[in-house]
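Step one of this worksheet: look at the structure below.
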Amino acid sequence: MTSGDYEAPARMVAPARALYVPVILGTVRRGRMSLPVARVVLAELSRRPDIDTELIDLAQFPLRVDDAGEATKDAGFSEKMSRSDALVLVSPEYNHGYSGLLKHVLDSCLKEYVHKAVGVVGVSAGPFGGSRGIEDLLPVLRELGLAAIFWDVNFSTVQNAFDESGALRDQAYLPRIGKFLDELVWMATTLRHGREQVAMPQAESPMRCPKCGAEMNHHAEKVLQAVDLADRSSVDPALGGVVEELHSCPACGANASRRATARG
Ligand SMILES: Cc1cc2nc3c(=O)[nH]c(=O)nc-3n(C[C@H](O)[C@H](O)[C@H](O)COP(=O)(O)O)c2cc1C
């Protein structure tokens, strides 16, 4: 290749639709310090152009604890996860791990997350900024189909980070949050492009978008292990579960899925 063949990489342009990036507050504990942390991150996210965001507070969530996994799915939460381009998880460290309730709620969805970006903000009373909980959370996020970014934000000794009015004391957190959000937005933009434009090699018989009727892009397949396997005919014998195809609409951004057996 000569230097004349070189094409500069395309610059990121403003997306046609705002990116939807909700912030999930991962604890219901009374007096939780993760709340002012989530508010700061939300404020920094809200300041950015072309971003639609909101706080999803588990304390306001219709939490079901009589079952687990997709059986506990809340329609409103599912719709938000399906619409999202990226997630920010505010994750307190509890006994060197992540919040059990956060995991329980995340487990209620699956295909909604696939090929979406996620960034984690760790919060702890101790000196490690929730990093032990973040490290434990990463394999979970991967199994959910989320793509974790390589920037975290770590709020250590968080009890000292805010004054009595809830205002941030240490302004050095703001550029750290800024770098974290830069990377998250880049990943969200890139993954949206992939979901909507880059097809799996075996993509065939496209789905029509249930919202706008456009031809959708088949961007992923996920083996569902936790479905009701009463219908053995839909289990792929080689993969040990039901294969779900994930499709995204290049026109309106809607997501839809179907069993791979419906292909053809
Ligand atoms: C059950 C429990 C376990 C905790 N374990 C740790 C820990 O292992 N390391 C740490 O630094 N802080 C620990 N903390 C303190 C929290 O990290 C601290 O409260 C921080 O503010 C984040 O949690 P919060 O949003 O509930 O306040 C623990 C708190 C609880 C309730």
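Residues: numbered from 1 along the sequence shown. Counting convention: from 1, in listed order, for ligands and their atoms alike.
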In chain order, what residues pass the ring-ring contact (aromatic ring centres under 6.0 Å, His included) check against F77, with sequence neighbours excluded? F61
So which heavy atom on E245 is nearest to which on A260, and how close? OE2-CA, 3.9 Å
Could you pull out every N or O of ligand 1 that sits under 3.5 Å from a protein N or O, with the distance for each pair?
from     : atom 1 : to   : atom 2 : distance (Å)
ligand 1 : 5 (N)  : N95  : N      : 2.7
ligand 1 : 8 (O)  : N95  : N      : 3.3
ligand 1 : 8 (O)  : H96  : N      : 3.0
ligand 1 : 9 (N)  : E93  : OE2    : 3.2
ligand 1 : 11 (O) : G126 : N      : 2.8
ligand 1 : 14 (N) : E93  : O      : 3.3
ligand 1 : 17 (O) : E93  : O      : 2.9
ligand 1 : 17 (O) : A125 : N      : 3.3
ligand 1 : 25 (O) : M33  : N      : 3.3
ligand 1 : 25 (O) : S34  : N      : 2.9
ligand 1 : 25 (O) : S34  : OG     : 2.5
ligand 1 : 26 (O) : R29  : NE     : 2.6
ligand 1 : 26 (O) : Y94  : OH     : 2.5
ligand 1 : 27 (O) : R29  : NH2    : 2.8
ligand 1 : 27 (O) : M33  : N      : 2.8

Is the shortest distance from a Lys or Arg side-chain nitrogen in R132 or D136 to a carboxylate oxygen in the other one below 4.0 Å? no
ring-ring contact (aromatic ring centres under 6.0 Å, His included) against Y173, all qualifying residues, sequence neighbours excluded: F155
Please report, to 0.1 Å, the donor-acceptor pairs under 3.5 Å made by any side chain of residues 140-148, with sequence neighbours excluded.
from : atom 1 : to   : atom 2 : distance (Å)
E143 : OE2    : K222 : NZ     : 3.2

Taking atom types as modelled, find out whether S248 and E196 have a side-chain donor-acceptor pair closer than 3.5 angstrom. no
